[in-house]
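Notes follow the structure.
Note that these values count all heavy atoms, side chains included, but never hydrogens, waters or copies made by symmetry. Proteins get letters first, then strands, A, B, ... in listed order; numbering begins at 1 in each.
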Number of protein chains: 2
Amino acid sequence: MHPEEMFMTRATLRDVAAYAGVSHQTVSNVLNDHPSIRPTTRQRVMDAIRALDYHPNVAAKALRESRVTTLCCAFYGHSADEVADPYRNLVQSAFISEANAHGYNITTALLGGDRPGGFEGLRAAYMQRAFGGAVVVSTTLPPGRMRELAAWGLPTVLFDHEDPQGQLPSVTTDYAGGMAGLVAHLVSRGRRDLALVIPSDDFGSSAVLRREGFLAAARAHGVRSRIEAGAWSYEAGEAAFRRLWAGEDRPDAVLCGNDRMGAGALSAARALGVRVPEEVAVSGFDDFEFARYTAPSLTTIHVPHEAMARLAVRRLLSLLSGTAPPDEPPGCQLPVTLVPRESA
Amino acid sequence: MHPEEMFMTRATLRDVAAYAGVSHQTVSNVLNDHPSIRPTTRQRVMDAIRALDYHPNVAAKALRESRVTTLCCAFYGHSADEVADPYRNLVQSAFISEANAHGYNITTALLGGDRPGGFEGLRAAYMQRAFGGAVVVSTTLPPGRMRELAAWGLPTVLFDHEDPQGQLPSVTTDYAGGMAGLVAHLVSRGRRDLALVIPSDDFGSSAVLRREGFLAAARAHGVRSRIEAGAWSYEAGEAAFRRLWAGEDRPDAVLCGNDRMGAGALSAARALGVRVPEEVAVSGFDDFEFARYTAPSLTTIHVPHEAMARLAVRRLLSLLSGTAPPDEPPGCQLPVTLVPRESA
DNA sequence: CTGAAAGCGCTAACAC
DNA sequence: GTGTTAGCGCTTTCAG
């Protein structure tokens, strides 16, 4: 049989065995690095594998071993803006390369809102053994959903938010510390009256930590602080800035909960003829690509999305293999970096 | 056996059969909508499926049917900017929902550059039957790579670029028409001296079509046109604008090959104290989110990424099922929309 | 219309 | 060290 013929229909383990003149089990042993395979046999088998362009069938492997080599990257959040969040790319890109490095594939799912087959679809795919575990990416997840994930027995790592119950492992970043660094930076530049634009009703740990970090830091520095409600979007940032500027006592720094709101605040300032940073400092949070493009460029906090993503994959893998140290705390926080630009 | 017990270890088809008091084959027939199953039997089986929370094992199905229900969404392009391209999210999001609607999952791969396991990894995953076909997303793909994909027998649909050989099916958008619309818009606003910033050495059909569409439209309108080299990035847009402005005869409109370069051009104009659009019009191409956030906001061409993505999935599916009409042309082009904003 | 048999490609358990 | 047997969960024959 000529090697080329094998390309018609993919070679199987038995084809390799026949070609190498050994039993199919020997081939399997070679592939799984079983000890005590004679080097010459091993070489013969490897040659046959190469000659026949053999690739193991993942479905057969998964069926036999009842474990799959696919991980799910699940993004929660339904708004068009959220779907388009550039940070999702970075996260997913890091997921993919980290997972691939461990021999896993990544399947991506979209959760939340009215999207058909959101959480139910995730569960169905898991029950069908389409993937072995998931990283759920979101700044906020309803507690009921977290309990569901835990109840389903779905191996899960939360990304960018924590489980208040401490059941699900999570990878987050130091939001509070980021806010503290920002406040310190602003105070050192002479700012004394700080306003933070952030949703006031968001239960997600991401919002809560930013809020509390801000308030605590302002208190520690002895400067005035206040919260202005705003819902993560560009438009919300614009509106919040206008409200703050319409008031009697205007702040000398407007901190925004994310870059998108920061861009909105800059736009409102420009429209109102307010000079940034001379009259008021403006900052964001996330360090999206467009933070470099605004006028003036946006001072912000860089979130280490790539490192977080790689860590999340590793934590998920150790969860799946059961090698997670039992004393490991569920939460895990990576540091952020202040990125001073023109706006503050 | 109590239903709850089944949750420990997932229920199989035989469990369902035992619970419903039929043979396992009958359950399979019910699931596959085989004709001539008695309604009462069918109902009993459905009840058992629900009671046991049965979900078919995709690996077993794939093994038996030798076809998988996973499609690969492969992004080509290595630069950090490309990875962060917001349009990738939209494309992927549409892929996922369209594929899910047809009962398929999506796995995502990153190709290109020095990324370990790029094209070789894609082929390996395909050979392992990790997915059945792929959509390759990129504005440009080396012809050699296209020939590889075709040679491997990998069912492929190209997204956002065409196969010059016409072998691989593709879904693109009307780049030339978009440029023509933009030129018409600018001419109607009194512009007579147009410069297009775009790579001059990019062989990708996306760049070629934008370039040629621009030149043809300018010729048709009888206005002056020129090409200024620039390599898709923000910084390239900035530099190109500065070069154009440093010259003797400045254009009255600077068209940029994408929004990122448009944002760079706006920044350069601002830095040079050039008023946009009074002194010069600036435009982009793509309609990224940040085109709304620049100052002034960026006039651009909206590319129907979502519709293209859905179409690409459907074309891939018909390719896989062999139901593609044989006379269907390989290329397929969707229309673009002009989005006039402040900058032009 | 329903049941029994065979096998997709692979690996874990035993013989040899 | 190597080969044989059995079976993961499913669907496609083919008998009843």
Side-chain angles (χ1 to χ4, degrees), chain A residues 6 8-46 48-49 52-70 103 124-130 132, chain B residues 6 8-46 48-49 52-70 103 124-130 132:
Chain A
M6 301 309 310
M8 305 284 97
T9 162
R10 296 207 208 15
T12 74
L13 194 135
R14 313 182 98 96
D15 295 326
V16 175
Y19 188 95
V22 297
S23 87
H24 67 132
Q25 178 54 336
T26 301
V27 179
S28 174
N29 286 339
V30 168
L31 288 170
N32 294 286
D33 266 333
H34 256 248
S36 63
I37 289 273
R38 207 179 308 164
T40 71
T41 312
R42 182 187 183 72
Q43 191 55 51
R44 270 229 310 291
V45 169
M46 295 304 279
I49 287 174
L52 299 182
D53 192 30
Y54 168 76
H55 292 261
N57 181 318
V58 287
K61 221 179 164 91
L63 180 57
R64 177 62 232 224
E65 300 187 306
S66 40
R67 62 180 212 95
V68 298
T69 54
T70 300
Y126 173 63
M127 292 299 286
Q128 292 175 151
R129 315 199 88 110
Chain B
M6 300 310 309
M8 304 285 98
T9 163
R10 298 208 208 9
T12 76
L13 197 132
R14 314 181 96 96
D15 295 326
V16 173
Y19 189 96
V22 298
S23 87
H24 68 131
Q25 177 51 2
T26 302
V27 178
S28 174
N29 285 338
V30 168
L31 288 170
N32 294 286
D33 267 333
H34 255 248
S36 63
I37 288 274
R38 209 178 306 163
T40 70
T41 311
R42 181 185 183 73
Q43 190 55 49
R44 268 228 312 290
V45 170
M46 295 305 277
I49 286 175
L52 298 183
D53 192 30
Y54 168 75
H55 291 262
N57 180 318
V58 288
K61 221 178 164 94
L63 180 57
R64 177 63 234 225
E65 301 186 308
S66 38
R67 61 181 213 94
V68 298
T69 54
T70 298
Y126 174 62
M127 293 299 285
Q128 291 176 148
R129 314 200 89 111

Partner residues of [X] under the side chain to side chain donor-acceptor pair (under 3.5 Å) criterion, sequence neighbours left out:
X	result
A:Ser23	A:Thr26
A:Asn29	none
A:His55	A:Asp53

- Message: With heavy atoms of chain B within less than 4.0 Å as the criterion, where does contact along DNA chain C begin and end?
- Response: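 Both ends considered, the range comes out as C:dC1 to C:dG9.
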Considering every strand and a 4.0 Å limit on heavy-atom distances, what is the contact class for A:Asn29: base, sugar-phosphate, or nothing?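 Answer is nothing: A:Asn29 stays at 4.0 Å or more from every strand.
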Check every strand shown and say whether A:Thr26 touches a base, only sugar-phosphate, or nothing at a heavy-atom separation below 4.0 Å. sugar-phosphate
(Q) On a heavy-atom basis, which atom in A:Tyr19 and which in A:Ala48 lie closest, and how many Å separate them? (A)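 Minimum heavy-atom separation between A:Tyr19 and A:Ala48: CD2-CB, 3.4 Å.
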Of all heavy-atom pairs linking A:Tyr54 and A:Thr12, the shortest is CE1-C, 3.5 Å
The correct set of residues in residues 39-46 of chain B placing a heavy atom under 4.0 Å from DNA chain D is none
- Message: In the structure I gave you, are the side-chain heavy atoms of A:Val22 and A:Val27 within less than 4.5 Å of one another anywhere?
- Response: yes
Side-chain donor-acceptor pairs of residues 58-70 of chain A under 3.5 Å, sequence neighbours excluded:
from	atom 1	to	atom 2	distance (Å)
A:Arg67	NH1	A:Tyr104	OH	3.3

Send over the distance from [X] [atom1] to [N] [atom2], rounded to a whole Å.
X	N	atom1	atom2	result
B:Arg14	D:dG7	CZ	C1'	10 Å
A:His24	D:dG1	NE2	P	20 Å
A:Met127	D:dC10	CE	C1'	17 Å

Tabulate below the donor-acceptor pairs under 3.5 Å that side-chain atoms of residues 39-46 of chain B make, not counting sequence neighbours, or state none.
from	atom 1	to	atom 2	distance (Å)
B:Arg42	NH2	B:Asp33	OD1	3.2
B:Gln43	NE2	B:Asp47	OD1	3.0
B:Arg44	NE	B:Ala20	O	2.9
B:Arg44	NH2	B:Ala20	O	3.3

Table of protein N/O atoms under 3.5 Å from nucleotides 13-16 of chain D N/O atoms:
none

Assert: residue with more 5' nearest nucleotide on DNA chain D, out of A:Arg64 and B:Glu65, is A:Arg64
**Item:** Those residues of residues 54-63 of chain B lying under 4.0 Å from DNA chain C by at least one heavy atom
**Value:**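 Heavy-atom cutoff 4.0 Å gives B:Leu63.
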Margin query: Does D:dG9 have its OP1 or OP2 closer than 4.0 Å to a side-chain nitrogen or oxygen of B:Thr12?
Written below: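 Answer is no, no contact under 4.0 Å.
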The side-chain contact (heavy atoms from CB on, under 4.5 Å) partner of A:Ile49 among A:Leu13, A:Leu31, A:Asp15 is A:Leu31
TODO: Compute the bend angle of the helix from C:dC1-D:dG16 to C:dC16-D:dG1 from the end axes (five pairs per end), rounded to 10°.
DONE: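 One end axis against the other gives 40°.
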